[in-house]
Amino acid sequence: MPLKQLVPSEMTADDIRDWCSVLNDMTAADMPAEPRWRTDRLRDYLVGTLPDDRRFAFLYRDDDGDLIGHASLIMFGGDQAGTGVVEMSTRPSARGHGVGKALLRAVAACAKAEGCRTLSVEVIATTPAVGFYDRVGFKRAVVEQRHLLRWADVDWEKIEQAAGRLAAGYRLEYHAGGVPERLLDTYAGVKANLRANADVAVVPEWRGSAQADRLRDSLATLERRGMRSHIVVALAEPFGHVVGLTELVVAAQRPTRADQYDTVVDPAHRSYGLAMSMKARLLTELRRAEPQLTDVQTWTIETADDVRWINSELGFVHDVDWYDYEADVDKLIERIERDA
Ligand SMILES: CC(C)(COP(=O)(O)OP(=O)(O)OC[C@H]1O[C@@H](n2cnc3c(N)ncnc32)[C@H](O)[C@@H]1OP(=O)(O)O)[C@@H](O)C(=O)NCCC(=O)NCCS
């Protein structure tokens with residue numbers, strides 16, 4: 001059988017090495033300016049999930065035993081049960097021969113067997129994956145703009161100034177690796193406002209929660225997966241409650257690239273410039289804590305004008321769009337079988 005389904009903890013050291021090699025061949029062909037993947041903690045990255053989530057891996061080897069394609073399927077639990085996220089790559093030299101379709105057929109069958117009804121996938125707009133997902137019947141649900149801040153272009157004087165400009169009655173705290181217990185409840189409370197003011201429309205694997213216990217799980221999962229979190233919170237005096245937060249992650253598997261995730265301010269504390277101060281402060285901390293970094297990426301939806309303005313003030317530049325595609329699992333299976 002060229003195609004094998006397994007849980008990531010069953011992957012051998014060779015599987016992990018080959019997985020990384022396909023990812024890097026794909027990156028070199030489709031997104032040559034993007035940083036390459038490393039095998040450092042790649043096993044942890046693939047194995048770690050939130051307690052209610054499950055992940056399966058699919059490996060496609062040719063007759064010589066060379067890995068020519070792979071896929072990952074994460075199925076969410078909890079309040080997102082019934083939905084899953086797919087990631088797939090075919091080695092560029094093996095494309096156009098049905099490997100992608102065979103992987104997707106296996107993914108869809110697994111999803112159905114596990115009770116998953118909807119699959120989504122994130123696709124970079126300039127890559128051949130767009131044609132593939134259109135062909136197999138996925139529909140574009142959301143367009144996100146990816147913005148990149150290149151370390152070499154950062155105006156540090158401007159960032160330091162922005163970090164130091166803070167409205168009276170507030171203070172900022174920086175935390176690496178998680179949120180202290182004393183802040184967890186009010187931190188989670190601010191997260192509840194996220195949908196109204198999100199940097200990110202959909203982040204498949206990082207789902208911060210508005211509940212303290214789930215938030216604790218989320219942060220612990222990031223750490224287990226080799227993803228170092230860096231967080232700045234805005235606290236309102238005199239009680240020291242969290243009223244704003246911004247989160248960023250650096251993955252051991254791609255340590256020159258940071259992913260800026262959520263930034264959110266409690267509605268009662270908006271218009272005081274807190275988001276700008278927090279994001280600028282986070283960048284100054286990051287410069288010290290992660291000296292190997294070369295850039296930071298973030299995503300905004302088209303309507304998030306306030307976030308986009310802050311990002312552009314900090315030096316982020318929009319370089320490419322990302323599409324979130326979705327498909328109904330039953331319809332996907334029907335379509336693949338019909339075309340077979
Ligand atoms: C997307 C990807 C996995 C497709 O792999 P593949 O092995 O070449 O796909 P297949 O050969 O199985 O193609 C299946 C069908 O899609 C079509 N197709 C594939 N790529 C296409 C493209 N760029 N444009 C139009 N149609 C395309 C094929 O012609 C085929 O059609 P058919 O059913 O009529 O024969 C591969 O291009 C890839 O690895 N891309 C980079 C990874 C990536 O960005 N993934 C997205 C994020 S997870």
Side-chain angles (χ1 to χ4, degrees), residues 2-5 8 18-37 42 45-46 55-63 66-76 83-111 116 118-144 146 200-206 251 253-254 257 259 297 299 319-327 329 331-340:
L3 204 162
K4 198 158 91 180
Q5 175 184 328
D18 294 349
W19 186 284
C20 190
S21 140
V22 169
L23 272 183
N24 282 334
D25 271 13
M26 179 270 279
T27 306
D30 295 347
M31 306 163 251
E34 294 289 289
R36 302 301 186 261
W37 290 78
L42 187 54
Y45 183 82
L46 293 170
R55 188 199 282 261
F56 291 95
F58 303 81
L59 303 180
Y60 195 115
R61 292 189 181 276
D62 67 13
D63 295 342
D66 294 333
L67 190 72
I68 51 172
H70 59 64
S72 136
L73 166 65
I74 298 179
M75 281 167 291
F76 296 141
T83 60
V85 172
V86 191
E87 285 170 9
M88 272 177 41
S89 296
T90 299
R91 208 185 277 281
S93 55
R95 289 188 187 161
H97 299 290
V99 173
K101 208 145 111 178
L103 284 165
L104 192 60
R105 181 186 287 122
V107 164
C110 173
C116 179
T118 312
L119 290 178
S120 63
V121 60
E122 283 205 321
V123 179
I124 299 181
T126 51
T127 65
V130 171
F132 172 80
Y133 286 106
D134 283 342
R135 171 75 185 92
V136 294
F138 275 73
K139 297 279 173 259
R140 204 174 299 169
V142 181
V143 179
E144 295 176 74
R146 199 276 291 272
V200 182
V202 180
V203 177
E205 299 186 49
W206 158 259
Q253 303 81 9
R254 280 207 305 185
R257 155 71 50 87
D259 289 358
Q297 66 176 348
W299 303 264
D319 66 341
V320 70
D321 287 346
W322 285 41
Y323 299 148
D324 290 321
Y325 273 92
E326 275 182 10
V329 170
K331 288 195 185 131
L332 184 62
I333 292 174
E334 223 175 85
R335 170 98 174 227
I336 295 173
E337 296 312 328
R338 199 180 61 215
D339 289 352

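Computed from a predicted structure; not experimentally measured. Both counts, for ligands and for their atoms, begin at 1 and track the order of listing. Values below: every heavy atom of this structure, side chains too, minus hydrogens, waters and symmetry copies.
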Please list the nearest protein heavy atom to [atom] with its residue and the distance rounded to 0.1 Å.
{"atom": "atom 33 (O) of ligand 1", "result": "Lys101 NZ, 2.5 Å"}
{"atom": "atom 47 (C) of ligand 1", "result": "Glu122 O, 3.2 Å"}
{"atom": "atom 11 (O) of ligand 1", "result": "Gly98 N, 2.8 Å"}
{"atom": "atom 24 (N) of ligand 1", "result": "Gly131 CA, 3.3 Å"}
{"atom": "atom 21 (C) of ligand 1", "result": "Phe132 N, 3.6 Å"}

>> Filter on side-chain hydrogen bond (donor to acceptor under 3.5 Å, both in side chains), then keep only pairs touching residues 125-134, sequence neighbours left out; what's left?
In response: Asp134-Tyr325

>> According to side chain to side chain contact (heavy atoms under 4.5 Å, CB included), who are the partners of Cys20, at least two apart in sequence or on a separate chain?
In response: Asn24, Trp37, Thr39, Leu42

[X] versus [Y]: any side-chain heavy-atom pair under 4.5 Å?
{"X": "Pro32", "Y": "Thr27", "answer": "no"}
{"X": "Met26", "Y": "Leu23", "answer": "yes"}
{"X": "Ile124", "Y": "Asp321", "answer": "no"}
{"X": "Val123", "Y": "Phe138", "answer": "no"}

Pick from [options]: the one approaching [atom] most closely through a non-hydrogen atom:
{"atom": "atom 3 (C) of ligand 1", "options": "Thr90, Thr127, Val136", "result": "Thr90"}
{"atom": "atom 23 (N) of ligand 1", "options": "Ser89, Pro128, Ala102", "result": "Pro128"}
{"atom": "atom 8 (O) of ligand 1", "options": "Pro92, Gly96, Ala129, Ser72", "result": "Gly96"}
{"atom": "atom 40 (N) of ligand 1", "options": "Arg105, Arg95, Met88", "result": "Arg95"}

Return yes if some donor-acceptor pair links the side-chain N/O of [X] with the main-chain N/O of [Y] below 3.5 Å, else return no.
{"X": "Arg257", "Y": "Gln297", "value": "no"}
{"X": "Arg95", "Y": "Thr90", "value": "yes"}
{"X": "His70", "Y": "Leu59", "value": "no"}

>> Which residue is it: Leu103, Ile74, Val107? I am looking for the one with a side chain to side chain contact (heavy atoms under 4.5 Å, CB included) to Val86.
In response: Val107

> Can we say Arg146 and Glu34 salt-bridge, meaning some charged N sits less than 4.0 Å from an Asp/Glu carboxylate O?
Replying inline: yes

>> Please determine whether a side-chain nitrogen of the Lys or Arg among Arg140 and Asp324 lies less than 4.0 Å from a carboxylate oxygen of the Asp or Glu.
In response: no

>> Just to be sure I read this right, does ligand 1 sit under 4.0 Å from the backbone of Leu104, its side chain, both, or neither, counting only heavy atoms?
In response: neither

> Taking heavy atoms and a distance under 4.0 Å, where does Asp30 meet ligand 1: side chain, backbone, both or neither?
Replying inline: side chain

Hey, does [X] come in under 3.5 Å of ligand 1, counting only N/O atoms on both sides?
{"X": "Tyr133", "answer": "no"}
{"X": "Met26", "answer": "no"}
{"X": "Gly100", "answer": "yes"}
{"X": "Arg135", "answer": "yes"}

If the cut-off is 4.0 Å to any non-hydrogen atom of [X], which atoms of ligand 1 fall inside it?
{"X": "Glu87", "answer": "48 (S)"}
{"X": "Val99", "answer": "7 (O), 12 (O)"}
{"X": "His97", "answer": "11 (O)"}
{"X": "Val121", "answer": "48 (S)"}

>> For a quick check under 3.5 Å, do Ser72 and Arg55 share a side-chain donor-acceptor pair by atom type?
In response: yes

> Does atom 29 (O) of ligand 1 have any protein heavy atom closer than 4.0 Å?
Replying inline: no

>> Going by a strict under-4.0 Å cutoff (protein heavy atoms only), does atom 38 (C) of ligand 1 have a neighbour on the protein?
In response: yes

